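Input: a single structure, listed below in structure tokens.
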Amino acid sequence: MALTHSLLAPGELTQKIGANAREARLSQNLSRKSLALMAGVSESTIKRFESNGQITLEALVLIATALGATRQLAELFMQERPISLEAIKQVERTRGRK
């Protein structure tokens with residue numbers, strides 16, 4: 001999945017995120033109006049987000065919270081950690097700034 005997103009242009013990625021939010025909303029059987037009330041944002045904010053991906057960070061956090069997706073949002077920029085001793089040994093140790 002990560003590879004797919006890296007091949008998308010920024011506009012395509014924002015549209016994909018909005019579409020994913022729409023799918024999450026519908027899978028929970030929520031209308032835009034009910035999600036707007038739960039999240040504390042306007043219905044037009046949700047419509048705009050789902051249709052073209054445009055949203056403020058604050059509104060995104062509110063919607064993610066209402067949809068139960070805060071874990072995914074919190075992990076957005078997390079670095080992957082090695083999962084085995086061999087992977088740890090293969091990671092070159094760097095010091096200082098790049």
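All values derive from a computational prediction rather than experimental measurement. Numbers for residues simply follow the sequence, beginning at 1.
Between A36 and E43, the closest heavy-atom pair is CB-N, 3.7 Å. Counting all heavy atoms, side chain and backbone alike, A24 lies closest to S27 at O-OG, 2.8 Å.
Expressed to the nearest 0.5 Å, how far CD of Q15 lies from OG of S51 amounts to 8.5 Å. To the nearest 0.5 angstrom, L62 atom CG is 11.5 Å from T70 atom OG1. Taking CG from L37 and OG from S31, the interatomic distance works out to 8.0 Å, rounded to the nearest 0.5 Å. Between atom CG of residue L60 and atom OG1 of residue T45 there is a gap of 11.5 Å, rounded to the nearest 0.5 Å. Atom CD of residue Q72 and atom CD1 of residue I17 lie 12.0 Å apart, to the nearest 0.5 angstrom. Once rounded to the nearest 0.5 Å, the distance linking CD of E23 with CD of E50 reads 10.0 Å.
Under the 4.5 Å side-chain heavy-atom criterion for grouping Ile, Leu, Val, Met, Phe, Trp and Tyr, L73 is connected to I63 within one hydrophobic cluster. Cluster annotation: I55 and L8 are assigned to the same hydrophobic cluster (Ile/Leu/Val/Met/Phe/Trp/Tyr, side-chain heavy-atom contacts under 4.5 Å, transitive). Under the 4.5 Å side-chain heavy-atom criterion for Ile, Leu, Val, Met, Phe, Trp and Tyr, L67 and L57 are members of the same hydrophobic cluster.
Residues Q54 and T14 form no side-chain contact, since every pair of their non-hydrogen atoms from C-beta on lies 4.5 Å or further apart.
Within the 3.5 Å criterion, the main-chain N or O of L30 finds no donor-acceptor partner in the side chain of S34.
A salt bridge links E75 with R71: the closest approach of a Lys/Arg side-chain nitrogen to an acidic carboxylate oxygen falls below 4.0 angstrom.
For R32, the CZ atom counts as densely surrounded, since its 6.0 Å shell holds more than 12 non-hydrogen atoms of other residues, nucleotides or ligands.
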